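All remarks here apply to the structure that follows.
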Amino acid sequence: MSFPNWERVVIKVGSALIAPNKQGCSSHYLLSIAQFIVRCRANGTQVVLVSSGSVAAGAHLFDEEEKTNIAVKKAMAAAGQTEMMSTWDRLFDFPSAQILLTHADLRDRERYVSVRETIDTLLDHEILPIINENDTVTTDKLKVGDNDNLSAMVASAAEADALIICSDIDGLYNKNPHEHDDAEMLKEVNSIDESIYAMAGGAAADGVGTGGMRTKIEAAEKAISHGIDTYIINGFTELSFNMLLDGKNPGTHFQPYDKPMQENVHWMRHTSNAQGEVIVESDFAASLENDAEQLTSSEIIGVRGEFSVGDTILVRKDDGTKLVKAKSNYSSCLLNFIAKQDSEEFATEFEEKTGPIISEQHIANLEKE
Ligand SMILES: Nc1ncnc2c1ncn2[C@@H]1O[C@H](COP(=O)(O)OP(=O)(O)O)[C@@H](O)[C@H]1O
Ligand SMILES: N[C@@H](CCC(=O)OP(=O)(O)O)C(=O)O
């Protein structure tokens with residue numbers, strides 16, 4: 001077998017590979033990853049690196065007892081980030097570039113497109129983008145929270161062919177192998193459902209990782225629905241990378257969808273956050289995916305939250321069933337106003353002039369959830 005015909009890959013590297021002993025960065029495990037990146041580039045495959053490890057790398061600069069403090073964690077990330085970047089940079093004889101992102105940068109369509117353009121431009125100039133979450137500025141509302149999901153969002157934004165998640169374990173097991181001796185590894189996952197999520201536990205309490213397998217499966221789900229081949233592999237061993245270069249699967253492979261979601265629909269479904277909700281009657285029967293214009297103000301029984309024109313909203317039934325996420329052509333203020341009008345004629349006329357509340361080309365269907 002030979003190296004897959006990937007034009008672009010995203011490689012995600014977990015904290016344990018960068019700062020294994022919580023004593024600053026070590027290049028011990030990074031050498032074989034760096035070598036893999038060099039070989040990919042030599043094969044004509046563009047590489048984007050999503051690297052964790054800033055918190056773990058900066059940890060040794062702070063006292064043990066203060067490490068649970070949020071401000072100190074952010075300081076650890078700020079200090080560790082420079083060390084992590086310089087460790088990677090020393091391993092390459094080509095330039096690298098640092099991109100620090102929060103969820104706020106990705107759920108805003110303009111900023112998302114801007115991130116994508118920057119990644120494209122760096123790759124066109126043979127510069128290696130190295131991406132991490134901007135932990136220093138994030139709050140609960142702004143953050144992605146783990147680099148597994150971040151790497152899937154980046155892989156989608158970059159239109160990558162493959163996402164390779166390098167971890168401290170061989171792949172996904174049917175139960176946490178650190179807790180169950182009889183755990184068995186899955187080589188191939190053809191679809192992700194609740195039974196797959198049920199296998200996944202969190203990160204080890206005494207480890208440096210965040211999210212464990214659950215966030216890796218979330219990432220895989222995001223990536224495969226965009227048609228991206230996804231692997232969870234053991235980044236400690238060079239064999240994993242040699243196998244990938246030979247076109248073999250060294251860990252768990254997640255089969256991408258045959259019919260991937262369109263890029264803007266995928267962004268709405270998996271990256272964008274709903275800024276507000278529009279509630280319709282429980283017996284609302286129209287399929288908004290096929291006919292978005294069925295959502296008129298006369299169907300709306302409630303508007304929740306504040307949103308502006310162009311923001312993503314969630315349309316759900318009164319009984320809680322989620323229908324679609326969609327781009328709103330109206331602000332919450334205006335929708336509230338027309339939904340409260342007694343005269344249906346007024347509302348119909350208004351919408352005829354102003355256009356539909358949501359449009360078909362900006363909808364992600366959630367009915368199967
Ligand atoms: N079903 C499972 N299969 C494999 N690992 C699991 C499973 N459930 C929980 N884990 C834990 O997830 C860890 C990997 O995730 P994490 O610590 O977040 O690493 P990383 O830093 O690579 O993101 C494993 O070391 C293991 O402790
Ligand atoms: N942004 C954080 C990493 C968060 C994270 O997801 O860590 P990991 O589970 O090791 O990939 C950092 O740089 O420390």
Side-chain angles (χ1 to χ4, degrees), residues 10-20 22 24-25 29-30 33 49-62 67 70 72-85 87-88 98-103 130-138 142-154 163-187 189 192 195-220 231-236 240 251-252 254:
V10 171
I11 301 172
K12 186 258 165 174
V13 179
S15 305
L17 297 162
I18 292 153
K22 299 188 199 170
C25 287
Y29 298 114
L30 304 191
I33 302 176
L49 182 59
V50 174
S51 181
S52 298
S54 65
V55 174
H60 68 111
L61 301 171
F62 298 83
K67 284 180 190 164
I70 301 285
V72 172
K73 267 201 162 167
K74 291 181 178 202
M76 278 155 65
Q81 180 65 24
T82 49
E83 195 178 332
M84 184 252 276
M85 279 302 295
T87 307
W88 278 118
Q98 168 180 275
I99 303 180
L100 294 174
L101 298 173
T102 66
H103 194 234
I130 305 183
I131 300 176
N132 192 5
E133 180 142 37
N134 196 351
D135 296 306
T136 307
V137 302
T138 50
L142 295 179
K143 67 182 175 189
V144 177
D146 67 273
N147 274 2
D148 299 317
N149 277 292
L150 178 70
S151 68
M153 291 176 191
V154 165
L163 169 63
I164 299 162
I165 299 177
C166 307
S167 188
D168 60 358
I169 194 132
D170 293 341
L172 171 68
Y173 285 73
N174 60 352
K175 44 193 160 184
N176 189 343
H178 294 314
E179 292 166 8
H180 303 271
D181 290 343
D182 59 342
E184 284 171 22
M185 199 181 91
L186 283 74
K187 287 297 288 176
V189 176
I192 296 178
S195 68
I196 299 292
Y197 277 105
M199 297 173 188
D206 57 348
V208 286
T210 307
M213 271 299 138
R214 182 156 187 102
T215 50
K216 288 175 187 40
I217 295 172
E218 288 168 0
Y231 293 83
I232 298 173
I233 66 164
N234 189 336
F236 284 143
S240 301
T252 302
F254 296 83

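Ligands are counted one by one from 1 in listed order, and the atoms in each one are counted from 1 as well. All values derive from a computational prediction rather than experimental measurement.
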What are the atoms of ligand 1, with element, lying closer than 4.0 Å to any heavy atom of [X]?
X	result
G171	3 (N), 4 (C)
S15	21 (O)
T210	18 (O)
M199	1 (N)
K12	23 (O)
K216	15 (O), 16 (P), 18 (O), 19 (O), 20 (P), 22 (O), 23 (O)
G14	21 (O), 22 (O)
A203	17 (O), 18 (O)

### Query
If you measure from NZ on K67 to NE2 on H60, what distance do you get to the nearest 0.5 Å?
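That separation rounds to 9.0 Å.
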Heteroatom distance test ([X], ligand 1): nitrogen or oxygen, under 3.5 angstrom:
X	answer
S167	yes
G212	yes
A200	no

### Query
Considering K143, M76, K12, which one's heavy-atom position lies nearest to atom 11 (O) of ligand 2?
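Comparing heavy atoms across K143, M76, K12, the nearest one to atom 11 (O) of ligand 2 lies in K12.
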### Query
Looking only at non-hydrogen atoms, which of D135, V144, T136 approaches atom 1 (N) of ligand 2 most closely?
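Closest candidate by heavy-atom distance is D135.
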### Query
Measuring from the heavy atoms of G235, does anything fall under 4.0 Å of ligand 1?
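Flag not set, G235 not near ligand 1.
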### Query
Of all the heavy atoms in R214, does at least one lie under 4.0 Å from an atom in ligand 1?
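Distance cut 4.0 Å: R214 fails for ligand 1.
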### Query
Any ion pair linking E179 and K175 (charged N to carboxylate O, less than 4.0 Å)?
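No, this pair does not count.
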### Query
Looking at K12 and D148, does any basic side-chain N land under 4.0 Å from a carboxylate oxygen?
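Yes, this pair counts.
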Give me the nearest non-hydrogen protein atom to [atom] as residue plus atom name, then the distance to 0.1 Å.
atom	result
atom 27 (O) of ligand 1	H178 CD2, 2.8 Å
atom 8 (N) of ligand 1	G201 N, 2.8 Å
atom 10 (O) of ligand 2	S15 OG, 2.6 Å
atom 13 (C) of ligand 1	D168 OD1, 3.9 Å
atom 11 (C) of ligand 1	G202 O, 3.4 Å
atom 3 (N) of ligand 1	Y173 N, 3.1 Å
atom 7 (C) of ligand 1	M213 CG, 3.3 Å

What are the two closest non-hydrogen atoms of [X] and [Y], and how far apart are they?
X	Y	value
I169	M213	CG2-CE, 3.5 Å
K73	V55	O-CG2, 4.3 Å
A183	P177	CB-CA, 3.8 Å

### Message
Within the structure, is a non-hydrogen atom of A77 found at a distance of less than 4.0 Å from ligand 2?
### Response
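No; A77 lies far enough from ligand 2 that no heavy-atom distance drops under 4.0 Å.
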### Query
Does the side chain of D168 come under 3.5 Å of the side chain of N234 through a donor N or O and an acceptor N or O?
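Per modelled atom types, D168 and N234 side chains form no pair under 3.5 Å.
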### Task
Give yes if a backbone or side-chain nitrogen or oxygen of D148 is under 3.5 Å from a nitrogen or oxygen of ligand 2, and no if not.
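No, since none of the N or O atoms of D148 sits under 3.5 Å from an N or O of ligand 2.
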Have a look at ligand 1 and work out which part of [X], if any, has a heavy atom under 4.0 Å from it: side chain, backbone, both or neither.
X	answer
N174	neither
P177	side chain
E184	neither

### Query
Do side-chain atoms of N147 reach the backbone of L150 as a donor and acceptor pair under 3.5 angstrom?
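Checked: no pair found.
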#### Entry: Exam field: side chain N174 to backbone E184, donor-acceptor pair closer than 3.5 Å
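Confirmed, N174 side chain pairs with E184 backbone.
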### Query
Under 4.0 Å from ligand 2, counting heavy atoms only, is it the side chain of D146, its backbone, both or neither?
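Looking at D146 and ligand 2, atoms from backbone and side chain both fall under 4.0 Å.
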